[in-house]
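Bear in mind that the values here come from a model prediction, so they are computed numbers and not experimental data. All residue numbers refer to positions in the sequence shown, counting from 1.
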Amino acid sequence: VIPMINEIFQEQYKGQERIEFLEGTHYIKDADGKLVERATDSFFKVMDDREKAFHLEAQSTPDTTMVQRVYEYDSAIAYKYRSMDGGDMTVQFPPSAVIFLRQTKTTPDVMRIVVKTSHGAAIQEVAVMKLRNYTLEEILEKKLFILIPFYIFVYENDFIVYNGSKVLMKELKATFFGIANYLNELVENKELDAYDRYFLINMTVKVVENLAEKYEHVVKGVIEAMTGKKLEYLSREEFYKIRNEGLAAGREEGLAAGRE
């Protein structure tokens with residue numbers, strides 16, 4: 001979580017801070033006055049010599065109403081953690097961000113909530129992170145582990161091609177085996193908790209099962225790669241060799257198979 005906060009909000013946390021996840025379920029009134037339950041994806045505070053709360057949302061579709069929902073969540077959070085001083089009430093919106101797993105040309109680079117009052121306007125910026133703006137190497141190097149379960153979205157438009165190509169499937173399996181192997185190394189070096197590795201692998205499997213449910217070979221290949229089943233060990237050199245060969249030689253085979 002800490003590397004994500006540093007990346008999105010330009011914080012300078014060292015990684016030794018304590019994280020406390022907070023209650024993210026709130027109730028708001030809809031247009032008809034009925035109470036509706038709203039649950040944030042992730043609401044937590046980082047604690048060192050100070051405390052600071054953050055709000056993160058993951059969005060799988062380019063939704064123009066996302067900023068509206070962030071406002072609903074943040075205003076509920078601000079009210080819940082309000083402070084009173086006599087007749088004065090202070091509310092504070094948490095720093096918020098949306099992680100877009102898919103994007104289009106119209107997906108904004110930042111979103112803004114403008115609250116106008118009789119004494120002026122306050123602007124709350126909502127940060128935006130776009131998954132496709134990051135290469136796998138950047139994700140691993142920057143330790144943006146939250147993005148790992150969703151990395152399969154990068155291949156989404158080519159599922160039919162990969163599913164029909166043995167060469168490209170070998171490349172895909174090598175890529176995800178490389179991710180699993182990297183996580184294993186972090187655990188061995190005590191840079192990642194073993195449960196965090198389990199969580200990331202388990203979440204990756206769940207995401208691919210749902211996202212690629214129509215593509216049997218894609219689902220089976222990624223699961224085998226991430227869980228270490230039916231896949232021989234690959235050295236770093238073998239991993240990059242297979243991936244590069246797949247990219248260079250497999251596209252034509254995969255495209256032909258996809259058209260059949």
Side-chain angles (χ1 to χ4, degrees), residues 1-8 15 56 58-60 97-104 107 109 128-163 165-189 191-193 196-212 215 217-229 231-251 254:
V1 174
I2 293 296
M4 288 287 289
I5 294 302
N6 288 341
E7 178 72 12
I8 295 173
L56 297 180
Q59 180 67 15
S60 61
V98 178
I99 304 169
F100 282 99
L101 307 179
R102 298 186 180 101
Q103 66 193 66
T104 66
T107 303
D109 294 323
V128 169
M129 170 180 272
K130 301 176 184 178
L131 172 63
R132 288 179 179 269
N133 286 358
Y134 291 84
T135 64
L136 178 58
E137 288 73 17
E138 288 175 323
I139 291 172
L140 300 182
E141 180 182 347
K142 295 183 176 184
K143 292 183 168 54
L144 305 177
F145 297 144
I146 293 176
L147 297 181
I148 287 177
F150 306 109
Y151 187 68
I152 189 65
F153 274 82
V154 172
Y155 296 89
E156 182 181 18
N157 294 336
D158 296 319
F159 278 163
I160 190 171
V161 179
Y162 277 83
N163 201 63
S165 168
K166 291 182 179 180
V167 174
L168 287 177
M169 277 307 307
K170 192 172 184 179
E171 174 231 319
L172 184 66
K173 291 168 68 174
T175 295
F176 279 87
F177 180 74
I179 294 174
N181 192 49
Y182 176 76
L183 296 177
N184 290 338
E185 290 179 358
L186 289 179
V187 172
E188 291 175 2
N189 295 332
E191 297 178 49
L192 182 69
D193 185 81
D196 292 334
R197 174 187 59 186
Y198 164 79
F199 176 81
L200 291 169
I201 290 176
N202 190 48
M203 282 298 298
T204 301
V205 169
K206 288 183 178 180
V207 172
V208 73
E209 284 178 335
N210 284 278
L211 190 65
Y215 305 96
H217 298 307
V218 172
V219 174
K220 182 180 178 181
V222 172
I223 291 176
E224 287 180 355
M226 292 297 287
T227 60
K229 297 177 181 178
L231 187 69
E232 69 277 14
Y233 177 81
L234 298 176
S235 68
R236 184 180 299 273
E237 292 75 15
E238 290 171 332
F239 165 69
Y240 282 109
K241 180 180 179 182
I242 288 175
R243 191 176 69 166
N244 292 336
E245 287 177 351
L247 288 172
R251 297 290 181 184

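The heavy-atom pair separating Lys173 from Gly221 by the smallest distance is CG-O, 3.5 Å. Considering all non-hydrogen atoms of both residues, Lys130 and Gln103 come closest at CB-OE1, 3.0 Å. Closest approach of Ala180 to Ala225, counting heavy atoms only: CB-O, 3.8 Å.
Residues satisfying the side-chain contact (heavy atoms from CB on, under 4.5 Å) criterion with Lys142, sequence neighbours excluded, are Glu7, Tyr134, Leu144. Under the rule for a side chain to side chain donor-acceptor pair (under 3.5 Å), Asn210 has no partner lying at least two apart in sequence or in another chain. Take Tyr182 and apply the ring-ring contact (aromatic ring centres under 6.0 Å, His included) test, not counting sequence neighbours, and it matches no residue. Every residue meeting the salt bridge (Lys or Arg N to Asp or Glu O under 4.0 Å) condition with Arg102, not counting sequence neighbours, appears here in chain and number order: Glu156. Shown here are the side-chain contact (heavy atoms from CB on, under 4.5 Å) partners of Val1, two or more places apart in sequence or in another chain: Ile5, Phe21, Phe44, Ile146. Remark: Leu192 engages Phe145, Leu183, Leu186, Val187, Asp196, Arg197 in a side-chain contact (heavy atoms from CB on, under 4.5 Å) (not counting sequence neighbours). Remark: Phe150 pairs with no residue by the ring-ring contact (aromatic ring centres under 6.0 Å, His included) rule, at least two apart or across chains.
Side-chain atoms of Asn163 do not come within 3.5 Å of backbone N or O of Phe159 as any donor-acceptor pair. Side-chain atoms of Ser165 never come within 3.5 Å of backbone atoms of Val161 as a donor-acceptor pair (strictly under, hydrogens ignored). With hydrogens and angles disregarded, a donor-acceptor distance shorter than 3.5 Å links the side chain of Arg132 to the backbone of Phe153.
Atom CD1 of residue Ile99 and atom CD of residue Gln59 lie 11.0 Å apart, to the nearest 0.5 angstrom. With rounding to the nearest 0.5 angstrom, the CD1 atom of Ile2 is 14.0 Å from the NZ atom of Lys143. One distance of note links OH of Tyr198 with CG of Asp193; it measures 13.0 Å at 0.5 Å rounding. Note that the CG atom of Asn184 and the CG atom of Asn189 stand 11.0 Å from one another [nearest 0.5 Å]. Here Tyr155 contributes atom OH and Thr175 contributes atom OG1; the two are 4.0 Å apart, rounded to the nearest 0.5 Å. Between atom CZ of residue Phe176 and atom CE of residue Met226 there is a gap of 7.0 Å, rounded to the nearest 0.5 Å.
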Please table the atom pairs, donor to acceptor, closer than 3.5 Å between any side-chain atom in residues 200-208 and protein atoms at least two apart or in another chain.
residue: Thr204; atom: OG1; partner: Leu200; partner atom: O; Å: 2.7

field: From CA spacing to verdict: side-chain contact (heavy atoms from CB on, under 4.5 Å), Leu147, Met4
entry: CA-CA 9 Å; Leu147 297 181; Met4 288 287 289; 4.2 Å; yes
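Around CD of Glu141, the count of heavy atoms belonging to other residues, nucleotides or ligands within 6.0 Å does not exceed 12.
Remark: aromatic rings of Tyr215 and Tyr162 are distant, center separation not under 6.0 Å.
In this structure the side chain of Leu56 never reaches within 4.5 angstrom of the side chain of Met129, judged on heavy atoms.
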